[in-house]
Amino acid sequence: MNKIKEKKVFIYIALAFTFSILVRLIWVYQFRHVGSFMWNSQFMINTNDGYFWAEGARDLLSGVHQPHDLSPIGSAASQLTFILVKILPFSFESIIFYMPAFISSLVVIPMVLIARSLGRVELGFISALLASIAWSYYNRTMVGYYDTDMLNIVFPAFMLWALILAFKTKEERYIFFAGLEIVAYRWWYPQSYSLEFAFFGLILLYTLVYERKNIYYYKLLAMMLFALMGLPNLIRLVIVIFIYILYKSKKADAYIYYILGLAFALFFLTGGFTPIWSQLKGYVFKDSIQIVGETLPLHFFSVMQTIREAGKIPFETFANRISGHTITFILSLIGYILMVFRYRVMLLGLPMLGLGFLANVGGLRFTIYAVPISAFGVAYLIFFLSDYLKKFLVEGKSSFYIRTIFISLCTVAVLYPNIMHIIRYKVPTVFSKQEVGVLDSLKHITKREDYVVSWWDYGYPIRYYSDVKTLGDGGKHSGDVNFPLSYMLTNPQQVSAKLARLDVEYTEKDFKIHDANLDKSEKNQVKLPSIMAQLTLKYGFKDTNEFLMSLKTDIKLPKKTRDIYFYLPFRMMNIFPTIARFSDIDLMSGNTVRRPFFYQTNRFQEKNGILDLANGISFDQTKGILKVRNQEVPVKDFYVTAYGKNKKLIRQRKSFDNNANFSIIYMRSYNTFLVLDDATLNSLYIQLFVFDNYDKKLFKPVILTPQAKVYKLLI
Ligand code: MG
């Protein structure tokens, strides 16, 4: 009998796993003919951050990396990828593309196992089908979504399984599993601390209320504390194994209070509370961070200001992301409550459900944590109703068939909106083949210590494909980092060139100062003044605006230690207004400076000499008058750019009013119109990307393609 049961568990896991993979292959099927999504005959990944882990894995494979290149060779994601590339017969590209699909689908294992421990394997199967492909879980673990999310639900789901079995069986080995899970999850994702601590808190509360005399719970709590301590992963792993051996010899039972006391003491002494403490410190004691050297209080623009407010997620979005549909979401909550009445241990799912609900304050990415619990809820409700149905049916085969049909139909109904979402969710790859081609060629031109200047969005992919250094990336884009980048892209090349040299040399110099001042015990306590503040003071000013003005003059630049390249892709055009905002600020007062005018459209039509550029903007070609809604302004120049037969850029200009402030550019090869003010027209990005118009004393074109251009800085 037991053997048949085991076989059933295995079959359900295999079926759910296969289902989860197959659904994820819908994307592959949809884009099988899109060559621009491929590189090295494999699809490229579709998440920017993935290139961060990919860079680390690449460096682990090559065995070399450079000081301060920000490559995450110590990260678990990079290390796991490295191991998989070593042992599997697939290409690096294939592994990082398919890894999220295969690894995230492992979530079905703990889900079926949890249901088996409750005596209802089928329930686990249905919930595994739903959880593995539910809206937000799919979005964050689809093929190409190469990020830590692929294991972020698998681990806590295993934790839930271990804890449920610990509660039910009181066996030592489940305490051991819980300890191992905490160590492994922390290795994979250091931020997992809060969720694990919530599990701990819940069990502590339960023990204090109901099980004060049961030493098994004290053993479990002590193990969790040992596993959560602030020591390196390997040391904690050894401790967890040691504690398990100690528990196995029942002699330890007599000393459990001492062990628990020791666990608390060690947890406290090794800084187990530090993650909580440092978060509090961030809020309460903002200025306890030690700043090295003199500084200026500057006002930078923060990335958060450009990201839509995290706090206001409509209920429907929230429900869809957890369950695929508002109705399913509500039913799953009802189901979860019913399930908790029937199986009290399911209360252990609360930390995950709670973290998922934090999406309302912490952002959409949190919803994935609630997915498995709500899947259990709705699956339980389906079985609950089917059991209820049984009362009205005559015993026998027909009753079984009717209930099976009922369960199947309900399952399809629950899965349907999620699968529809997946079919519609056609996420493109981060870069196109042509853009990657540019970065790949750049790799052969640059040295690994060289810098490539671009907007931070492109930092990780640039580093991955070109193996260079960058000033900003997906993890380094605070206002003080973005200001000089934005300034370089939106100001005249004569100014930008100098700032680029200064920013790069000061960034490298800061790494060295930082290292020299690093007090190992308080790693995050050393902070240097922003580079803008350093530069202002270094050049003898008290006002950053005066320093920025001085960039127009012949200032003395630091010694050149490496080459600098500018990477300017066409796709930057779309975010150019956002980029501009980061330097359109008076750093001394925090006020907006001028609000640059930049309008881009590919919707246009011409009628009787009037060029309609959509959104209430039109251009009278005979009078040379631009109409922006009800306002009429004169136009200075009308430019046309296009690629000729020999792939050379052709530029034409028609002048209207020399005193006007606005110009229009028709980029014929891109089917794009730009309307911009004089200052924007003269910016480095527009001059170098749109016109190939570079100052020969400052820049040298290295790669010029329609999709992306690269210039080498000559100073
Ligand atoms: Mg490198």
Side-chain angles (χ1 to χ4, degrees), residues 39-40 42 44-45 47-86 91-93 95-97 99 146-148 429-431 435-477 481-482 484-485 488 500-501 503-515 518 531 560-569 702-703 708 710-713:
W39 181 254
N40 264 357
Q42 181 53 269
M44 292 179 286
I45 58 173
T47 168
N48 228 311
D49 289 356
Y51 283 113
F52 180 56
W53 316 116
E55 179 188 19
R58 180 205 64 200
D59 287 346
L60 284 170
L61 283 164
S62 73
V64 287
H65 91 107
Q66 296 71 50
H68 311 303
D69 60 2
L70 312 176
S71 173
I73 48 165
S75 73
S78 298
Q79 289 169 353
L80 181 64
T81 310
F82 165 71
I83 293 166
L84 291 176
V85 174
K86 280 279 176 201
S91 71
F92 188 88
E93 282 82 3
I95 286 174
I96 63 170
F97 181 75
M99 220 172 124
Y146 173 64
D147 203 351
T148 44
T429 54
V430 176
F431 275 179
E435 288 165 307
V436 170
V438 169
L439 291 175
D440 190 58
S441 320
L442 186 59
K443 182 168 73 181
H444 303 291
I445 298 167
T446 54
K447 291 184 289 298
R448 290 192 167 111
E449 284 288 348
D450 290 346
Y451 269 76
V452 171
V453 174
S454 197
W455 192 236
W456 68 263
D457 290 34
Y458 317 123
Y460 290 148
I462 289 173
R463 292 222 300 270
Y464 173 68
Y465 287 113
S466 303
D467 197 356
V468 287
K469 291 183 169 184
T470 59
L471 292 166
D473 61 39
K476 188 183 176 188
H477 53 236
V481 171
N482 284 349
L485 289 179
M488 288 177 226
R501 176 56 64 198
D503 199 5
V504 165
E505 301 301 346
Y506 272 68
T507 298
E508 280 291 323
K509 179 177 73 70
D510 280 6
F511 280 131
K512 294 199 184 96
I513 298 174
H514 187 269
D515 284 358
L518 197 65
I531 285 179
K560 172 178 170 178
T561 61
R562 64 204 67 224
D563 283 324
I564 300 171
Y565 296 82
F566 276 75
Y567 173 75
L568 309 169
V702 180
I703 303 168
V710 180
Y711 289 87
K712 185 179 179 179
L713 185 70

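For the single chain, residues carry numbers from 1 onward in sequence order. Counting convention: from 1, in listed order, for ligands and their atoms alike.
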List in chain and number order the residues that pass ring-ring contact (aromatic ring centres under 6.0 Å, His included) with Tyr711, two or more places apart in sequence or in another chain; answer none if no residue qualifies.
Tyr694
Would a distance-only check, ignoring hydrogens and angles, find a side-chain to backbone donor-acceptor pair under 3.5 Å from Asp503 to Ala500?
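No: the side chain of Asp503 does not pair with the backbone of Ala500.
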Going through the checks in order, is the side chain to side chain donor-acceptor pair (under 3.5 Å) test met by Glu435 and Tyr458?
CA-CA 11 Å; Glu435 288 165 307; Tyr458 317 123; over 6 Å; no
Going by salt bridge (Lys or Arg N to Asp or Glu O under 4.0 Å), name the residues that satisfy it together with Glu93, two or more places apart in sequence or in a different chain.
none
When you compare the side chains of Asp147 and Thr47, does any donor N or O come within less than 3.5 Å of an acceptor on the partner?
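There is no such pair (donor and acceptor under 3.5 Å, judged by atom type) between the side chains of Asp147 and Thr47.
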At distances under 2.8 Å, what protein N, O or S atoms surround the Mg ion (ligand 1)?
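Metal shell, protein only: Gln66 OE1, Asp467 OD1.
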Salt bridge (charged side-chain N to carboxylate O under 4.0 Å, His left out): which pairs involve residues 437-446, sequence neighbours left out?
Asp440-Lys443
